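The structure appears below as structure tokens.
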Amino acid sequence: MTTSQGPFELPPLPWAENALEPVISARTIGLHYGKHHRAYVTKLNELSAGTPYASMPLEQVIRESYGKDAKIFNNAAQVWNHTFFWSCLRAPQEGNKPAGELAQRIERELGGLEKFKADFAAAAVNQFGSGWAWLVDNGGKLEIHTTSNAELPLVKGATALLTLDVWEHAYYVDYENRRPDFAKAVTDKLLDWDFAARQLAGAGGRQKAA
Ligand code: FE2
């Protein structure tokens, strides 16, 4: 779906807006994707018009604006972060868990799936203010990171495998101020471990949001 005048586009969601219910409502997805994500795309097109950024792939815009052009970086990174976030989620599944090499590495490097889920949700809760929790491959080691505002692993040399948006717009309609309930429900039921495994398989390569 194109959203505005300019080279940057709002990618389609990988599922229907009600696919994540009851964990995330169609109303939240409608706002989060249809208003917030779209607004970052629109703003990036406005800000980049007539600049060299307008002809760059999104990942290059992020790398080249980082630390130099805060408005461009913030909007470009938020476009990437949200596209990546949607790809990290799928319809709720009980007993949702990783398989294969990723499962083995979570066992070995992060103390097992249950410990990962507790630590990932805690990281999301403890990120003060707006930001993101991430599972990353950092130079061959799985780690849980958090970032503030629009920051992302791409500019820190790590490969993102999964993320959780903990800006208030991600959960306030469904959970009000209960970020811990949102973080636990998404971590338990919505994470797309197959997507994470594909990111891990490509670690070290040039990472795309979807
Ligand atoms: Fe968001």
Side-chain angles (χ1 to χ4, degrees), residues 1 3-4 8-47 58-59 61-62 65-66 70-92 120-121 123-136 144-156 160-187 189-192 195-196 199 207-210:
M1 183 191 301
T3 188
S4 58
F8 300 102
E9 295 184 359
L10 182 67
L13 286 169
W15 21 253
E17 289 193 359
N18 65 355
L20 308 183
E21 292 189 337
V23 179
I24 302 177
S25 68
R27 174 159 165 71
T28 287
I29 296 298
L31 291 166
H32 196 171
Y33 170 75
K35 303 284 188 189
H36 292 275
H37 193 177
R38 183 186 302 274
Y40 294 125
V41 175
T42 302
K43 195 72 185 171
L44 179 59
N45 279 323
E46 285 173 19
L47 291 168
L58 184 61
E59 288 79 8
V61 175
I62 292 169
S65 63
Y66 184 56
K71 286 182 183 171
I72 291 273
F73 171 79
N74 285 335
N75 284 282
Q78 284 293 78
V79 171
W80 194 97
N81 290 343
H82 283 89
T83 302
F84 190 81
F85 180 45
W86 308 135
S87 295
C88 291
L89 306 178
R90 65 178 173 190
F120 185 72
V125 169
N126 292 328
Q127 165 58 34
F128 184 78
S130 295
W132 300 79
W134 305 86
L135 171 63
V136 303
I144 294 168
H145 289 183
T146 57
T147 58
S148 293
N149 298 318
E151 294 260 337
L152 70 171
L154 194 70
V155 294
K156 300 172 192 293
L161 306 184
L162 289 172
T163 194
L164 177 56
D165 186 343
V166 293
W167 285 57
E168 280 191 347
H169 67 226
Y171 59 88
Y172 213 85
V173 168
D174 295 331
Y175 294 85
E176 298 182 337
N177 61 333
R178 300 188 302 280
R179 190 193 285 191
D181 293 352
F182 168 73
K184 181 174 183 353
V186 173
T187 303
K189 295 182 179 156
L190 296 189
L191 294 181
D192 186 340
F195 175 77
Q199 304 311 301
Q207 187 162 35
K208 292 271 190 180

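Read the numbers this way: they start at 1 and go in the same order the structure lists the ligands and their atoms. Just so you know, these numbers come straight off a predicted model, no measurement behind them.
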Notebook entry, point to check: Quick check: does any side chain N or O of Asn74 sit under 3.5 Å from a backbone N or O of Ala150, one acting as donor and the other as acceptor?
Noted result: no
Notebook entry, point to check: Do Phe195 and Phe84 have ring centroids that are under 6.0 Å from one another?
Noted result: yes
Checklist line | Closest contact, heavy atoms only, Leu191 versus Phe120 | finding: CD1-CE2, 4.4 Å
Item checked: Atom name of the N, O or S atom in Asp165 that lies nearest to the Fe ion (ligand 1) -> OD2
Note to self: To make sure I understand the geometry: which N, O or S atom in His82 is closest to the Fe ion (ligand 1)?
What the structure shows: NE2
Note to self: If you define the side chain from C-beta out and look only at heavy atoms, does anything of Tyr66 sit under 4.5 Å from Lys156?
What the structure shows: yes
Next item on the list: If you have a sec, read the angle at the Fe ion (ligand 1) from His169 atom NE2 over to His32 atom NE2, to 10 degrees.
Entry: 90°
